[in-house]
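Please read the structure below before turning to the comments.
Within every chain, numbering begins at 1; the chains are lettered A, B, ... in the order of the sequence lines, protein sequences first and strands thereafter.
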There are 2 protein chains.
Amino acid sequence: MITVMLELAILGFLRDQPLHGYDLRRRVAALMGHVRPVADGTLYPAIKRMAEAGWLTRKDEPGTAAAPRRTLYLTPEGRAELEHRLREPDELDISDENRWFTLLAFLRHLDEPKEQAAVLRRRLAFLEEPTSFFYDGDRPMGAEEFPDPFRQGLLTIAHATSQAELSWLHTTITTLETPQPPGLA
Amino acid sequence: MITVMLELAILGFLRDQPLHGYDLRRRVAALMGHVRPVADGTLYPAIKRMAEAGWLTRKDEPGTAAAPRRTLYLTPEGRAELEHRLREPDELDISDENRWFTLLAFLRHLDEPKEQAAVLRRRLAFLEEPTSFFYDGDRPMGAEEFPDPFRQGLLTIAHATSQAELSWLHTTITTLETPQPPGLA
DNA sequence: CAAATATATATCGGTCCCGAGGTATGATCA
DNA sequence: TGATCATACCTCGGGACCGATATATATTTG
């Protein structure tokens with residue numbers, strides 16, 4: 001599960017600029033450290049695996065720093081992979097919440113506002129499904145299942161979260177789909 | 001990581017009433033299925049492990065249903081373990097968000113409102129720390145790190161979530177700590 | 001009547017992932 | 001000058017977890 005988020009983050013950061021592993025580690029920690037910490041024993045094997053898949057190349061740079069660095073460059077294949085993963089997210093559900101946030105963090109790498117809006121619309125469609133969250137089948141999980149104030153609180157918080165995201169999605173999609181008058185700055 | 005949430009849920013459900021494994025499975029799925037699905041290969045070993053730890057006992061009931069049931073009963077040791085875990089949550093951070101919600105779902109099992117409020121206060125203290133979420137050390141992660149509208153949206157949603165929880169915590173703590181006039185209802 | 005589905009419990013192989021440790025150098029500080 | 005820390009990369013053992021599978025019966029559906 002972490003692999004999917006981590007690989008997306010690596011592809012996204014390397015599209016911004018070439019980085020060496022240690023630097024990448026810092027950025028990944030800043031992005032998802034509080035949500036899901038990533039260990040060295042996960043990061044470095046991921047880099048190796050992705051290099052073998054041809055999504056990035058490694059160039060040794062001895063003498064640059066304290067220890068020998070291996071700078072990582074995104075290949076055209078890696079760039080294509082990133083864009084594929086942004087365009088065709090295969091899961092948008094709650095159990096993959098972290099993954100959705102990671103995707104959001106790199107959605108700017110799809111150049112077309114129309115494409116960006118299309119991805120947001122998919123998330124919106126998912127959130128608006130009555131089967132999404134706190135539903136069991138088609139029956140909402142309400143009073144009976146959550147009789148005490150603490151479970152009620154859980155529902156309250158979940159509802160507020162979902163409302164916040166929905167309203168953000170609506171305004172952002174509108175903005176993205178409003179055609180920009182050409183010739184302006 | 002799932003172990004902690006799952007065991008808490010099992011202890012909590014069994015404090016309500018004895019259940020057999022399949023029933024427990026349904027309830028666990030209803031509670032955390034959308035957040036984090038739990039496989040059979042995780043649930044049944046957990047039951048076994050917890051029985052060996054002395055937190056629950058199993059009683060075979062042949063002929064009750066299609067297949068032979070093994071009804072699960074919480075032992076006094078299991079009950080003590082549950083209350084210990086509710087009273088002394090060792091982690092309340094974001095990476096353990098699911099765990100916090102699971103704890104909330106069973107907090108009613110601490111009988112004293114004062115004790116319930118104490119746990120909420122700890123969560124409140126954590127959320128109000130400036131080092132909590134979207135902070136890197138003591139520097140808030142703001143404009144520079146999240147330059148595009150999508151990362152801004154991430155911040156917006158996270159902020160709304162946190163505000164919703166904070167306001168709920170404040171009112172609930174106040175209610176819990178308001179002494180009930182004796183002799184009513 | 002046959003097939004499919006739901007009930008019900010459990011094991012096992014294999015993968016994913018983390019924590020700990022290993023290696024090495026430059027910088028900082030007492 | 002010696003200790004300690006930050007930089008920098010990587011491996012390995014082991015535990016947690018999932019998916020698949022096995023088994024067996026009652027009920028529903030075609």
Within this structure, what is the [atom1]-to-[atom2] distance between [X] and [N], rounded to whole angstrom?
X	N	atom1	atom2	answer
A:R27	D:dT7	CZ	C1'	16 Å
A:Y22	C:dG26	OH	P	16 Å
A:L24	D:dA8	CG	P	13 Å
A:R70	C:dA24	CZ	P	16 Å
A:M5	C:dC16	CE	C1'	13 Å
B:D23	C:dT7	CG	P	10 Å
A:L72	D:dA8	CG	P	12 Å
B:L6	D:dC17	CG	P	8 Å

Closest to side chain of [X], choosing from [options]:
X	options	answer
B:H20	D:dA8, C:dA8, D:dC17	C:dA8
A:T3	C:dC17, C:dT9, C:dG19	C:dC17
B:D40	D:dC9, D:dC18, C:dT9	C:dT9

Reckon B:G21 touches a base, only the sugar-phosphate, or nothing at all at heavy-atom distances under 4.0 Å?
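Answer is sugar-phosphate: B:G21 comes under 4.0 Å of backbone atoms only.
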Pick base, sugar-phosphate or nothing for A:R25, based on heavy-atom distances below 4.0 Å to the nucleic acid.
nothing
Minimum-distance pair of heavy atoms, taken over all atoms of A:R85 and A:V4
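In terms of heavy atoms, the two residues are closest at NH1-O, 4.2 Å.
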Can you name the nearest heavy-atom pair linking A:R122 to A:R87, along with the distance?
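Result for this residue pair: NH2-O, 2.6 Å.
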Does B:R58 put a side-chain nitrogen or oxygen below 4.0 Å from OP1 or OP2 of C:dA10?
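Answer is yes, contact under 4.0 Å.
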Quick one: is A:R69 getting a side-chain N or O under 4.0 Å of the D:dA8 phosphate, OP1 or OP2?
yes
Salt-bridge contact A:D60-A:R69 (side-chain N to carboxylate O under 4.0 Å)
no
To the nearest 0.5 Å, how far apart are CZ in B:R123 and CG in B:L120?
10.0 Å
Establish, from distance only, whether the side-chain atoms of B:E165 and B:W100 form a donor-acceptor pair under 3.5 Å.
yes
Per-pair distances, 0.1 Å, donor-acceptor, side chain in residues 11-19 of chain A, under 3.5 Å, sequence neighbours excluded:
residue, atom, partner, partner atom, Å
A:R15, NH1, A:E83, OE2, 2.6
A:R15, NH1, A:H109, O, 3.1
A:D16, OD1, A:R108, NH1, 2.9
A:D16, OD1, A:H109, NE2, 3.4
A:D16, OD2, A:R108, NH2, 3.3

In residues 43-54 of chain A, which ones come under 4.0 Å of DNA chain D, going by heavy atoms?
A:Y44, A:K48
Would you say the side chain of A:E81 lies within less than 4.5 Å of the side chain of A:E7, judging by non-hydrogen atoms?
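No - every pair of side-chain heavy atoms lies 4.5 Å or more apart.
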